[in-house]
Amino acid sequence: MNAILDALGRMPVGEAVAWMLVENLLLFAFALMLGRLLVLAYRSRQVGPPPLPVEAREVALAFSCVGLNTFVTLVGWWLWRLGVIVVRRDTGVRAWLDAAVLLLVMDLAMYVTHRIAHLPWVYPVVHATHHHYDRPRPLDLFVLNPLEVLGFGGLWLTVIWAYSSSWLGMVVYLALNLIFGVIGHLGVEPFPRSWAARPVLRHLGTSTFHAGHHHDRGGNFGFYTLIWDRLFGTLHQDCGAPFGIQAAESPASVGGGP
């Protein structure tokens, strides 16, 4: 990886843009394939009504998100080359702890900004685009207003500017970010019911949890965990069972399950 960092430091701008676009397209394709496999594997565990047919606007917004994510990546690369963002090269225990720090800090930061996005004077301009598609499918992870994409990108760049993480911590965090994003927009629940009773696992953000937010926009604002919703009183009352275990009576409703 150090050799890759050295190469990135010397890379011309045009070549960097090409590589970053390819990277983001591959991540986009991976997210859709992973999501499709999980939907097929857990199709009996619906957490909401099935999604409507894909719209052309939905696809256009998703590809717009990929393009803007490439732009954010380029800005981060440029700030790193200027020395504004510092990336450590160690791979020991501290590097792995970086992933946990980034996950918790970004979880809190996105919880706060998500609640701001739901303010009456912000929501129609920024966040309503995402909620227009209230029957989540994996593609909808990328269906966002361009302002929201840039907002999340700016938040990420601010965090890694303020906290000098290792490249390993960043890679692990970004991988988890993509996986949690896919899971949140599956429309089915892949996590086993037994996790709801586990001390740590029961605090994870699940497909059921995020589907609940799409169903009722007044709560469930978290992304990776339920911690901040529990702490600030915005967790839906029926989210004591975020793994679909209350939904056997109504498999077509949010919170559904086998």
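Below, each value reflects all heavy atoms present in this structure, side chains not excepted, and no hydrogens, waters or symmetry copies.
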Any side-chain heavy atom of [X] sitting closer than 4.5 Å to one from [Y]?
{"X": "Val87", "Y": "Ser165", "result": "no"}
{"X": "Leu8", "Y": "Trp80", "result": "yes"}
{"X": "Val143", "Y": "Leu139", "result": "yes"}
{"X": "Trp77", "Y": "Trp19", "result": "no"}
{"X": "Val159", "Y": "Leu102", "result": "yes"}
{"X": "Leu178", "Y": "Leu34", "result": "no"}
{"X": "Thr113", "Y": "Phe152", "result": "yes"}
{"X": "Trp78", "Y": "Leu74", "result": "no"}

Problem set entry | Phe223 ring center near Trp228 ring center (under 6.0 Å) | no
For this session: Answer yes if the ring centres of Phe142 and Phe63 are under 6.0 angstrom apart, and no otherwise.
Result: no
Rounded to the nearest 0.5 Å, what separates atom [atom1] in [X] from atom [atom2] in [Y]?
{"X": "Phe180", "Y": "Thr206", "atom1": "CZ", "atom2": "OG1", "answer": "9.5 Å"}
{"X": "Leu5", "Y": "Arg89", "atom1": "CG", "atom2": "CZ", "answer": "5.0 Å"}
{"X": "Leu61", "Y": "Asn145", "atom1": "CG", "atom2": "CG", "answer": "8.0 Å"}
{"X": "Met20", "Y": "Thr70", "atom1": "CE", "atom2": "OG1", "answer": "9.0 Å"}
{"X": "Ile183", "Y": "Thr208", "atom1": "CD1", "atom2": "OG1", "answer": "11.0 Å"}
{"X": "Phe209", "Y": "Leu204", "atom1": "CZ", "atom2": "CG", "answer": "11.0 Å"}

Between [X] and [Y], is there shared hydrophobic-cluster membership here, with clusters defined by ILVMFWY side-chain heavy atoms closer than 4.5 Å?
{"X": "Leu144", "Y": "Tyr123", "value": "no"}
{"X": "Val86", "Y": "Tyr173", "value": "no"}
{"X": "Val66", "Y": "Leu26", "value": "no"}
{"X": "Leu176", "Y": "Val101", "value": "yes"}
{"X": "Val72", "Y": "Val22", "value": "no"}

Exercise. Could you walk me through whether Val188 and Val47 pass the side-chain contact (heavy atoms from CB on, under 4.5 Å) check?
Worked result: CA-CA 5 Å; Val188 300; Val47 297; 5.8 Å; no
Any donor and acceptor pair, going by atom type alone, linking the side chain of [X] with main-chain N or O of [Y] inside 3.5 Å?
{"X": "Ser164", "Y": "Ile160", "answer": "no"}
{"X": "Arg137", "Y": "Leu52", "answer": "yes"}
{"X": "Arg81", "Y": "Met11", "answer": "yes"}
{"X": "Thr73", "Y": "Asn69", "answer": "yes"}

Exercise. Charged N to carboxylate O under 4.0 angstrom, Arg115 versus Asp229?
Worked result: no
Problem set entry | Short N-O contact, Arg135 and Asp140, less than 4.0 angstrom | no
Can [X] and [Y] be counted as having a side-chain donor-acceptor contact under 3.5 angstrom?
{"X": "Asp98", "Y": "Tyr163", "value": "yes"}
{"X": "Asp107", "Y": "Thr225", "value": "yes"}
{"X": "Ser207", "Y": "Glu189", "value": "no"}
{"X": "Tyr111", "Y": "Tyr224", "value": "no"}
{"X": "Arg57", "Y": "His132", "value": "no"}
{"X": "His130", "Y": "Glu148", "value": "no"}

For this session: Step by step, work out the side-chain contact (heavy atoms from CB on, under 4.5 Å) result for Ile85 and Leu157.
Result: CA-CA 8 Å; Ile85 290 174; Leu157 294 179; 4.3 Å; yes
For this session: Kindly write out the residues that satisfy ring-ring contact (aromatic ring centres under 6.0 Å, His included) with Phe221, not counting sequence neighbours, or none if the list is empty.
Result: His114, His118, His213
Problem set entry | From CA spacing to verdict: side-chain contact (heavy atoms from CB on, under 4.5 Å), Val182, Phe30 | CA-CA 10 Å; Val182 171; Phe30 172 78; over 6 Å; no
Exercise. Passes side-chain contact (heavy atoms from CB on, under 4.5 Å), Leu21 versus Leu25? Steps please.
Worked result: CA-CA 6 Å; Leu21 178 59; Leu25 285 170; 4.0 Å; yes
Exercise. Which heavy atom in Thr158 sits nearest to a heavy atom in Gly154, and how many Å separate them?
Worked result: OG1-O, 2.8 Å
For this session: Measure across Leu168 and Ala95 and return the closest heavy-atom pair with its distance rounded to 0.1 Å.
Result: CD2-CB, 4.0 Å
Problem set entry | Over 12 non-hydrogen atoms of neighbours within 6.0 angstrom of CZ in Arg36 | no
Exercise. With a cut-off of 6.0 Å (strictly less than), are more than 12 heavy atoms of other residues, nucleotides or ligands near OH of Tyr42?
Worked result: no
For this session: List the steps, then state whether side chain to side chain donor-acceptor pair (under 3.5 Å) holds for Ser166 with Asp90.
Result: CA-CA 6 Å; Ser166 62; Asp90 54 294; 5.1 Å; no
